[in-house]
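Notes for the one structure printed next.
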Amino acid sequence: MKFIVMAIMAIFSTISNALANPACAVCTVAVGASLGIARKMGVDDSVVGVWSGAFLMLLGYWTLKWMDKKGWNFKGRDFTILSLSVLMILFVYILPELKYTPKAILIFWIDPFLFATVCGALVLHYSSEFYQWMKRKNGGHAHFPFEKVVVPVVSLCLIAKLFSYLSLCAPALPDLSNL
């Protein structure tokens with residue numbers, strides 16, 4: 001059933017005209033809506049967490065652009081707004097379907113979904129910074145069309161694939177040694 005749904009979505013996405021800019025609000029809302037669908041289709045929570053973190057960071061960037069238009073500037077504005085936008089993921093723990101269950105990940109004792117969310121936000125931020133660095137090194141021009149979009153998306157795909165392979169959100173296996 002999942003294959004049929006994915007095939008239909010792929011067909012419709014190739015036969016219709018693209019009406020949105022890759023960094024527009026319509027695309028942002030589409031990403032947000034697709035996260036809920038991915039969870040319902042059985043995608044690992046750590047993968048959904050990576051994309052949720054990137055989505056929330058993107059909302060923070062949009063908020064900063066809106067604040068620039070309004071002329072609202074204050075000390076520490078960028079860090080505060082971006083941090084608050086990513087921390088909004090904590091509201092998902094109010095829902096009954098996701099419980100905060102911390103476990104050891106590297107040196108952290110944290111819930112895997114929350115860890116993946118923070119990683120997704122950081123990957124989006126630093127991959128965007130990496131693109132800006134590459135652009136400066138190339139005389140202020142991108143190396144190829146839509147490089148600004150490709151670099152963060154590929155980075156997020158790689159980290160999502162890594163987290164999917166590691167199965168961060170998989171429940172811990174019970175200890176059967178004392179049976």
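One is the number of the first residue; the rest follow in order along the sequence.
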Heavy-atom distance under 4.5 Å between the side chains of Leu87 and Leu56, does that happen here? no
Ignoring hydrogens, what is the shortest heavy-atom contact between Phe163 and Ser46? Give both atom names and the distance. O-OG, 3.5 Å
Note, Phe115 side chain near Asp111 side chain (heavy atom, < 4.5 Å): no
Quick one: are Ser85 and Thr63 in side-chain contact, heavy atoms under 4.5 Å? no
From the options Thr80, Val86, Leu82, select the one residue that forms a side-chain contact (heavy atoms from CB on, under 4.5 Å) with Leu84. Thr80
Close side-chain approach of Leu156 to Ser127, heavy-atom, < 4.5 Å: no
Pairs meeting criterion side-chain hydrogen bond (donor to acceptor under 3.5 Å, both in side chains) with involvement of residues 149-166, two or more places apart: none
Taking all non-hydrogen atoms of both residues, which atom of Val47 and which atom of Ala160 are closest, and how far apart? CG2-O, 3.5 Å
Under 4.5 Å between side-chain heavy atoms, counting indirect links through other Ile/Leu/Val/Met/Phe/Trp/Tyr residues: same cluster for Leu158 and Val118 or not? no
Is there a chain of hydrophobic side chains (I, L, V, M, F, W, Y, each step under 4.5 Å between heavy atoms) that links Leu114 to Met88? yes
Given side-chain contact (heavy atoms from CB on, under 4.5 Å), test Tyr100 with Leu90 step by step and report yes or no. CA-CA 9 Å; Tyr100 185 78; Leu90 297 176; over 6 Å; no
Within the structure provided, determine whether Arg77 and Phe74 are in side-chain contact (heavy-atom separation under 4.5 Å). yes
Check for me, please, whether Trp66 and Leu59 land in the same ILVMFWY cluster - side-chain distances under 4.5 Å, paths through other members count. yes
Working to the nearest 0.5 Å, report the span between OG of Ser52 and CD1 of Ile89. 4.5 Å
Kindly work out whether a path of hydrophobic side-chain contacts (I/L/V/M/F/W/Y, heavy atoms less than 4.5 Å apart) joins Ile159 to Phe108. yes
Under 3.5 Å, which donor-acceptor pairs do the side chains of residues 139-148 form with other protein atoms, sequence neighbours left out?
residue: His143; atom: ND1; partner: Glu147; partner atom: OE1; Å: 3.4
residue: His143; atom: ND1; partner: Glu147; partner atom: OE2; Å: 3.1
residue: Glu147; atom: OE1; partner: His143; partner atom: N; Å: 2.6

Pairwise side-chain contact, Tyr61 with Ile81, heavy-atom cut-off 4.5 Å (strictly under): no
Could you check whether any side-chain heavy atom of Leu64 comes within less than 4.5 Å of a side-chain heavy atom of Asp78, counting everything from C-beta outward? yes
Please tabulate, for the side chains in residues 128-136, all donor-acceptor contacts under 3.5 angstrom to protein atoms that are two or more places apart in sequence or on a different chain.
residue: Ser128; atom: OG; partner: Leu124; partner atom: O; Å: 2.9

Under 4.5 Å between side-chain heavy atoms, counting indirect links through other Ile/Leu/Val/Met/Phe/Trp/Tyr residues: same cluster for Leu122 and Leu106 or not? no
For the residue pair Phe113 and Val48, establish whether any side-chain heavy-atom pair is separated by less than 4.5 Å. yes
